[in-house]
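Data block below; observations after.
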Number of protein chains: 4
Amino acid sequence: MAGRDEQSEAGTGEAFGGPAHRPGRPRSAEAGAAILGVATDLLAEKGLSRMSIEEVAARAGVGKATIYRRWPSRGALALDAFLTEFQSQLTLPHTGRFREDLRAAVKSWVRAVATTRAGRMLAGLIAEAQRDPDLAVAWRARVFNPLREQHRALVDQAVRRGDLPAGTDADLVLDLVFGSAYHRLLHGHLPLDERFVTQAVDLVVDGLECGQGRRPRAHGPGKIGGNAGHRAH
Amino acid sequence: MAGRDEQSEAGTGEAFGGPAHRPGRPRSAEAGAAILGVATDLLAEKGLSRMSIEEVAARAGVGKATIYRRWPSRGALALDAFLTEFQSQLTLPHTGRFREDLRAAVKSWVRAVATTRAGRMLAGLIAEAQRDPDLAVAWRARVFNPLREQHRALVDQAVRRGDLPAGTDADLVLDLVFGSAYHRLLHGHLPLDERFVTQAVDLVVDGLECGQGRRPRAHGPGKIGGNAGHRAH
Amino acid sequence: MAGRDEQSEAGTGEAFGGPAHRPGRPRSAEAGAAILGVATDLLAEKGLSRMSIEEVAARAGVGKATIYRRWPSRGALALDAFLTEFQSQLTLPHTGRFREDLRAAVKSWVRAVATTRAGRMLAGLIAEAQRDPDLAVAWRARVFNPLREQHRALVDQAVRRGDLPAGTDADLVLDLVFGSAYHRLLHGHLPLDERFVTQAVDLVVDGLECGQGRRPRAHGPGKIGGNAGHRAH
Amino acid sequence: MAGRDEQSEAGTGEAFGGPAHRPGRPRSAEAGAAILGVATDLLAEKGLSRMSIEEVAARAGVGKATIYRRWPSRGALALDAFLTEFQSQLTLPHTGRFREDLRAAVKSWVRAVATTRAGRMLAGLIAEAQRDPDLAVAWRARVFNPLREQHRALVDQAVRRGDLPAGTDADLVLDLVFGSAYHRLLHGHLPLDERFVTQAVDLVVDGLECGQGRRPRAHGPGKIGGNAGHRAH
DNA sequence: TCTTAACCGAGACGGTACGTCAAGTCTTCCT
DNA sequence: AGGAAGACTTGACGTACCGTCTCGGTTAAGA
């Protein structure tokens, strides 16, 4: 795994019944905060690939072992640093109109990655996850999937309201919209701005709205007949 | 820069007038081929991040300097190895119907990255490009942009034929379709298969076809009139 | 210093009048015994240089601080472990004939270091004492000097009996005999066995017995006359 | 093994027929000299146990790998540094009189270890050899045995001349004399000076000279009858 | 034919960072 | 206050590669 280690203060199990201290000297909160802070700075400064555990330790005034005791790898540390920066920046609005909600959600994400140092961290994390399977797992579990669930709820609500056709493939929609945003982030070939978000969301929502009826979005072989109408234009 | 070095056999300057050899012993073609071959194997075997110049040199029976003389970095070498594998696998059909052409183009790309070792290489290259700006430049110049030009031609032709509304933003379309495919490649959260391609292309093309009149896809306001005829279907 | 610490159970003050506890929880006798036992095992198993306080603590089920509270260094602990093993193995016979007594004393020492795990410990301690001056002091105070006093008594008695010439330098004799034994222990170039002991002792005693009249063994020239009477036996 | 590595310049095999270059860049003589020099300084300054490869590399302006490429361990490096210092300081005189020759040889050794930084190095090396079997082997092969052969020759010549009885056990003699000197070096309980050397040599040579005839120095059980004569003086 | 210039393999060079280990100290709760 | 536990800072370990360099030795073109 690539997240925090066992003695994490983010514990979930100690629900009630007291502080549940482990034996031994507790981990130093200062040390942890200093490490995360320095890691965040270094990440923004030179990118994950140029951030070394050695330098984090030196700048944080901490031994390397103190870092390795808490995070199993550079990537895991970076993931925590990223979350600290990133999570506070996202807003998930719910106006009741799908097009606006999706626009707002994507814009919020884009603003977070394009205008703060989180973007640089994010690209580095995705790169690191290509080489570190543990980090990839942690990434999906702690960042990707939670966000996707929130976004998927947007789609599902729209379907329930009747704004979108039944059978709409939420993953397809989200991969199109967010995938294209990641694309611009990673390749930098074109600007990742609000105009792009508006256009992308509109195009996809248009496709959903008028493509319905004609074609089942999910499985089934029945797309042949549905395509008939297409031929018209 | 991250491409081949000056004394490249892909030279452009020897336009006419003969072989234009430099003085000195010419570069060994065997060495170059051996290096590329070993690099390809290693890339497929363990990924770019685990491939070291040291090991390439050792396996190819070549001195490290011979590699550095030809490629400026690990990424540049990997880029060449990737192109050797990748380029032969793409087909760019032109049936005349945009939806089919785009589907075929994306499927060809997906097949190349999802069913061969090129996919692994590709993910590694994108990761490496996040840390190596020279490689990022070379990547765009030698892989990304050429392919995009070909695909953009598909869109432009469709617009010219009237299959798509004038003012269609080709980059937006391509970022949506290919961006979502890259997304699944890099995060691995869902399968990157032909069904996904079909659905993604259909959704985007639907959006293009019916979203048109309502909203200008491109900048200026003057497009509204031009789009009028489209509104018919 | 490198011996036991202040609150030693070898205390002298609790002579009468009760347990004379210091404030606070008294030291656990089990802990001390467990530490010494584990240390002895580890010493025999892998040598002093490969014995770590960390492992002693873990195997003894004891906190590291509990060890450091009682012994100031790894060497001091090893010294105690060595003494526990070693001291019971020595016998100091007194037959009244110097040659036999010295032979027996050296053989007893040789047997202890050559046939038990004490030998390995001893070599390790001498090595450690080269780097740790505190241990060197403790070593001399608790092992080397006490033993030397016993052996010196042998020589002194022989001189008093007239078996050896007056003015015999006991330290010289003992350094020759025991020094050569340590030599074989530390360098391992030749066997350290009873035959060697016999030959060494005989050669040195021969030298003492017949070298006398010709040369003063100890300081100053004034001893010549004094030694005259010795020649009688 | 703990001596120099394979590509040693001390080669013996290239007797004639040229320089016998290995492929690749030759090792830098400056680097080697700098390393040895710094190692010698550090050894004298703080002892082998406090000398770290890290610091040698830093002070010599050399990468750690350059040291590890040439010496397999800290001990092996220290051994070479010791030899550089030590070997030039020994003189092996041959006057023809055994007592004087042995005295001179031991005094030369004592002077080298007691008055120069070689002594500190020597004690550290012997300590290190207790924990590193490879170093122990190298120590015996490169220092101990060569010196012993020279000294044994002294004894053997004396026997051939008739100065010493046939059957004299040279190893026994040398272990007594040098063993006692090492003893004082390692334990520091008494001064290691020229007076000590004179006394020790004289005592041992006396023992050899007058113990003869009465007792075979080698093997044989026949020492009982031989002891009869003892009572005579 | 002889230079010359750039290539070739090999491998050493000074470095950086790795991840691990143990040192000796400190901090917590419990007995 | 002692004890078990275990986190703390420190510093060194030996390894892996980096990108550069220096060898002896090829291989053509051009003088």
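Quick note on labels: first sequence line is chain A, next is B, and so on, each numbered from 1.
Residue C:Arg69 places none of its side-chain N or O atoms closer than 4.0 Å to OP1 or OP2 of F:dG2. Contact annotation: C:Arg70 side-chain N/O to F:dG3 OP1/OP2 distance is under 4.0 Å. Close to E:dG11, at under 4.0 Å from its OP1 or OP2, lies no side-chain N or O of D:Arg27.
Between A:Lys46 and A:Glu55, at least one side-chain nitrogen of the basic residue sits less than 4.0 Å from a carboxylate oxygen of the acidic one, meeting the salt-bridge criterion.
The salt bridge (charged side-chain N to carboxylate O under 4.0 Å, His left out) test with C:Glu45 singles out one residue from C:Arg59, C:Arg50, C:Arg120, and that residue is C:Arg59.
Nearer to the 5' terminus of DNA chain F, by closest-nucleotide assignment, is the contact made by A:Ala60 (compared with the other of A:Ala60 and D:Met51). Toward the 5' end of DNA chain F, the nearer of the two residues A:Ala29 and D:Ser52, judged by each one's closest nucleotide, is A:Ala29. Nearest-nucleotide positions on DNA chain E place B:Gly63 closer to the 5' end than the other of C:Arg74 and B:Gly63. Both B:Val62 and B:Gly24 sit near DNA chain E, but only B:Gly24 has its closest nucleotide nearer the 5' end.
In this structure, D:Arg131 atom CZ and E:dA22 atom P are separated by 13 Å, rounded to whole Å. Note: CZ (D:Arg22) to P (E:dA12) measures 9 Å, nearest angstrom. One interatomic measurement links the two molecules: CH2 of C:Trp71 to C1' of E:dG24, which rounds to 16 Å at whole-angstrom precision. One atom, CD of A:Glu54, and another, P of E:dT20, lie 13 Å apart when rounded to the nearest Å. Between the CG atom of C:Leu77 and the P atom of E:dG24 there is a distance of 11 Å, given to the nearest Å. Going from atom CD1 of B:Ile53 over to atom P of E:dG15 covers 22 Å, rounded to whole Å. In this structure, CD of D:Glu30 is placed 13 Å from C1' of E:dA12, rounded to the nearest angstrom. Counting to the nearest Å, the C1' atom of E:dA12 and the CD1 atom of D:Ile35 are 11 Å from each other.
Annotation: the span from B:Leu43 atom CG to B:Leu77 atom CG amounts to 7.5 Å, rounded to 0.5 Å. Rounding to the nearest 0.5 Å places CD of D:Glu128 at 4.5 Å from CG of D:Leu48.
A donor and an acceptor atom sit less than 3.5 Å apart, one in the side chain of A:Arg25 and one in the base of E:dC26. C:Lys64 contributes a side-chain N or O that forms a donor-acceptor pair with the base of E:dG24 under 3.5 Å.
Relative to the side chain of B:Thr66, the nucleotides E:dG9, E:dC7, F:dC18 differ in distance, and E:dG9 lies closest. Considering only the side chain of B:Tyr68, F:dT20 comes nearest among F:dG14, E:dA10, F:dT20.
Although no hydrogens or angles enter the test, the distance criterion places no donor-acceptor pair under 3.5 Å between the side chain of A:Thr66 and the main chain of A:Val62.
Using a 4.0 Å heavy-atom distance criterion, C:Ala65 is classed as a base contact.
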